[in-house]
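Convention: sequence-line order gives letters A, B, ...; per-chain numbering from 1.
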There are 4 protein chains.
Amino acid sequence: MARKPPTSPRKNASQERSRATVDALVEATARILVKEGFEQASTNRIAEIAGVSVGSLYQYFPSKEALVAAVIERHNEEIMAIVRTALKKIADTPLDKAVRQLVTVAIEAHRINPKLHRVLAEQIPRKHLKDVEAFNREVHTLVRGYLESRRKEMRKVDLDVATFICVSTIESVAHNTVLNQTEMLTEKMVKVLVEETTRMVVGYLR
Amino acid sequence: MARKPPTSPRKNASQERSRATVDALVEATARILVKEGFEQASTNRIAEIAGVSVGSLYQYFPSKEALVAAVIERHNEEIMAIVRTALKKIADTPLDKAVRQLVTVAIEAHRINPKLHRVLAEQIPRKHLKDVEAFNREVHTLVRGYLESRRKEMRKVDLDVATFICVSTIESVAHNTVLNQTEMLTEKMVKVLVEETTRMVVGYLR
Amino acid sequence: MARKPPTSPRKNASQERSRATVDALVEATARILVKEGFEQASTNRIAEIAGVSVGSLYQYFPSKEALVAAVIERHNEEIMAIVRTALKKIADTPLDKAVRQLVTVAIEAHRINPKLHRVLAEQIPRKHLKDVEAFNREVHTLVRGYLESRRKEMRKVDLDVATFICVSTIESVAHNTVLNQTEMLTEKMVKVLVEETTRMVVGYLR
Amino acid sequence: MARKPPTSPRKNASQERSRATVDALVEATARILVKEGFEQASTNRIAEIAGVSVGSLYQYFPSKEALVAAVIERHNEEIMAIVRTALKKIADTPLDKAVRQLVTVAIEAHRINPKLHRVLAEQIPRKHLKDVEAFNREVHTLVRGYLESRRKEMRKVDLDVATFICVSTIESVAHNTVLNQTEMLTEKMVKVLVEETTRMVVGYLR
DNA sequence: GATGAATGAGCATTCATTCAT
DNA sequence: GATGAATGAATGCTCATTCAT
């Protein structure tokens, strides 16, 4: 790191430059993943698309995997931001409205960048997906927290089991809705699916 | 090329030999996939494990992908065999018993070869998974058929939507149950999950 | 390896082919080492010069180092063949004649492929030179054996020490003679050096 | 570029700073060479260890080779200082005592920094070792000078040949003594080797 | 002068596929 | 049909060196 120069601007300048490079690399990786798939995403190609040299790529990411992991993390973070916000808003909402909101948000989240979501879901060797564990755990914890606070509206049920089933269900409906038939994805259809899923989950919890 | 007339015994012998080679190759691929993961599964290695030369491998499979596809197809076929049988048995069974049976079978099916299932689910570039579409369609059709025959026990609902939601739900619970926590997989826990899932689905359909 | 075909010719043919490839690779490595130095010796270049694909190179040698090691071993083996032969011939020869012969042979041995010898001596990361240890030990053992058999002609002296000093001396004179000034290497000069070195060593042992 | 006039204190300060940087770089190179070997010694790493930026490194050394050369030169200079001093002290000393001194000094010199000596001897592409030529020549000249002054104690012999042989011998014994077996390096053993080598060389010259 | 981010040629190595035997 | 030696395009990655700040 050497002696830091006394002026912050220089430091910031360099930090910003680094940050820009890192962003460009992650963005380029995501773009290639979407446009050409995982197998085409070579490090040299990523660097080229990012407008950066391979050397720089390796200055910031120790391996190709790290780069893919960064893309995944960024995507997950975007999803989690939505989910967290939704769960906060929901906090004091009764079960049926809350579940409907949750289902809606799940589909929305999967739709942020559906192509990327598909590639991530379908083509990435899961080696990279350890982060996903943490992501799953957080969702579980948040949903469990909400359900706990609404226990009086619910029948007697093991909270972990209920959480597991609800999250699985909502997630899979959202996932399949987004990934499956494009024709199915009329807004009307989505609304139907939201209603139906909500009905099922709420019916189950009550 | 063969100087001998195509007497059927010889022909059969050769056909059997071919069949054996093909089987050995698919089996070897599956084994490597399970033991060492997709990335380690090189064609040379597969041929070696199968006790066959690479040349022979390419006599029977035009590419590595074809080989992986064959493994997937074999696995799916095993699953489908179970599902088809289950759905036949269920045909005249009332909704709740039938759904319980379906959930049970779904988990069983995912458990046939859980390690292979995991690798297939987690490591295989989905390029190979076009076959899965057909598989999904068949399941949808079969389940839809059953539901149609039980319409009187059900509330009024779009059959395709209901099928989509039920299949998604059952599949995801089974999938997550098998892939997730090992500790969770006590038989007792599995029973609880079966009951809960059944309750949710039946509650939804009625 | 698969079923071996019953006829030896086929087997030999393939063995010969392999052998030819291996030889070509080792030879190419040596040539590049001599002509362009260690740093220029990339595996792709070696394969190219050998008239073989990189893939084939890696079929026979697990790494670049293995290739260099093979060159060294081949060179050392050539030297050792000479040294072993010389020591056999010498077995019943009196000290002075024997030492003269040894010195002569040492210089000869270093002259087999002096350019390669130089490169090996000067440019090869010694990582590769573990084999050289064995080589040194063998020389030590052989020379010690001879000296032991001639003990009566020698003054009282620790045999290992004497061997160490004699081998070091002869080796270094031979090495420096071959590596140093080209002008020095007139045949006449070499004879002088042989005589002088012999005189020194014999004088020391007696 | 500098706005300040080149007052000598400042200049000195800067000169000293330069000198310190150069020293730090050479020292860092030597340290890495010893601890991690030539292959690990990247310029970035050297600069880092020296507490300096790569840019600064290239301000003082035009290439990695130059840096390694500086290490070699420093090491050789240390050795030569010892050798020169020894030869001065020896100037009026009779042959046997002088040779003993020379052998002793040779071993001492190789022992100044034996690890560095080993790395320099074993891992450095000799491209860098042109300097060594000059070093060798100086040793030759110094020893020849001494021998010339002692001609009356010696038999008739070509001085260059005798010098070449003596230097080779002493150098190789010292080198092998230091590099070879660690067990061999008891002080007692070293003394024996000194005596024996002296005996050989003196016996040869007389 | 000093910094360290950026460069990119170059390297060792892998592996799906071909084809002479 | 079977074999396995041979292929070579392609990949991930390193590191000496440059240059904008």
Side-chain angles (χ1 to χ4, degrees), chain A residues 1-5 9-10 13-15 17-18 20-21 39-48 52-65 67, chain B residues 1-2 14 17-18 21 39-48 52-65 67, chain C residues 1-5 9-10 13-15 17-18 20-21 39-48 52-65 67, chain D residues 1-2 14 17-18 21 39-48 52-65 67:
Chain A
M1 292 290 154
R3 288 141 253 173
K4 293 174 196 166
R10 187 177 287 272
S14 127
Q15 279 185 353
R17 196 131 86 93
S18 294
T21 300
E39 310 228 310
Q40 303 306 322
S42 75
T43 50
N44 280 294
R45 184 134 179 62
I46 290 171
E48 190 189 337
V52 149
S53 70
V54 220
S56 290
L57 185 158
Y58 279 94
Q59 201 132 70
Y60 295 108
F61 296 92
S63 69
K64 185 188 172 180
E65 291 178 16
L67 213 29
Chain B
M1 289 275 165
S14 122
R17 202 131 84 84
S18 292
T21 301
E39 308 229 311
Q40 303 305 323
S42 75
T43 48
N44 280 292
R45 184 134 179 64
I46 290 170
E48 190 190 338
V52 150
S53 69
V54 220
S56 292
L57 185 157
Y58 279 91
Q59 203 120 55
Y60 294 109
F61 295 92
S63 69
K64 186 188 173 182
E65 289 177 18
L67 212 30
Chain C
M1 290 289 156
R3 288 142 252 172
K4 294 174 196 167
R10 187 177 287 273
S14 126
Q15 278 185 356
R17 196 130 88 92
S18 294
T21 300
E39 308 228 311
Q40 302 306 322
S42 75
T43 49
N44 280 292
R45 185 136 178 61
I46 290 171
E48 189 189 338
V52 149
S53 70
V54 221
S56 291
L57 185 156
Y58 279 93
Q59 200 131 70
Y60 295 108
F61 296 91
S63 69
K64 186 188 172 182
E65 291 179 13
L67 214 31
Chain D
M1 289 276 165
S14 121
R17 202 132 84 85
S18 292
T21 300
E39 309 227 311
Q40 303 304 323
S42 74
T43 48
N44 280 293
R45 185 137 178 61
I46 290 170
E48 190 190 337
V52 151
S53 69
V54 220
S56 292
L57 184 155
Y58 279 91
Q59 201 119 58
Y60 295 109
F61 295 92
S63 70
K64 187 188 173 181
E65 291 178 16
L67 212 31

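F:dT3 atom P lies 16 Å from atom CD1 of B:Ile46, rounded to whole Å. Atom CD of C:Gln40 is separated from atom C1' of E:dA12 by 15 Å (rounded to the nearest Å). When rounded to the nearest whole Å, the span between CG of B:Leu67 and C1' of E:dA16 equals 12 Å. Atom P of nucleotide E:dA9 and atom CZ of C:Arg45 are separated by 19 Å, given to the nearest angstrom. At whole-Å resolution of the value, CD in C:Glu48 and C1' in F:dA9 are 15 Å apart. Atom CD in B:Glu39 sits about 9 Å away from atom P in E:dC15, given to the nearest Å. Between the P atom of E:dG10 and the CG atom of A:Asn44 lies a distance of 14 Å, rounded to the nearest Å.
Residue B:Thr43 places at least one side-chain N or O under 4.0 Å from the OP1 or OP2 atom of E:dA16. Between F:dA16 and D:Ser63, no contact under 4.0 Å exists linking OP1 or OP2 to a side-chain N or O. Distances shorter than 4.0 Å separate none of the side-chain N or O atoms of C:Tyr60 from OP1 or OP2 on F:dA5.
Listed by chain and number, the residues in a side-chain hydrogen bond (donor to acceptor under 3.5 Å, both in side chains) with B:Ser56 are B:Ser53 (sequence neighbours excluded). The side chain to side chain contact (heavy atoms under 4.5 Å, CB included) search around D:Val54 returns D:Thr43, D:Asn44, D:Tyr58, not counting sequence neighbours. Legend: residues meeting side chain to side chain contact (heavy atoms under 4.5 Å, CB included) with B:Ala47, ordered by chain and number and at least two apart, are B:Leu57.
Residues B:Gln40 and B:Arg45 approach most closely at O-CD, 4.0 Å, considering heavy atoms.
The strand DNA chain F forms stems, runs of 3 or more Watson-Crick or G-U wobble pairs with distances below 3.5 Å, at E:2-21 with F:2-21.
Comparing atom distances between the A:Lys64 side chain and each of F:dG12, F:dA16, E:dT3 picks out F:dG12 as nearest. Candidate nucleotides F:dT3, E:dA6, E:dT3 were compared by shortest atom distance to the side chain of B:Ser53, and F:dT3 ranks first.
With the nearest nucleotide of DNA chain F identified for both B:Gln59 and A:Ser56, B:Gln59 has the one nearer the 5' end. In terms of position on DNA chain E, the residue among A:Leu57 and B:Ala41 whose nearest nucleotide sits closer to the 5' end is A:Leu57.
Among the atoms of the strands shown, only primed sugar atoms or phosphate atoms (P, OP1, OP2) are found under 4.0 Å from some heavy atom of B:Ser42.
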Strictly under 3.5 Å: I want the nitrogen or oxygen pairs between protein and nucleotides 18-20 of chain F, one per line.
none

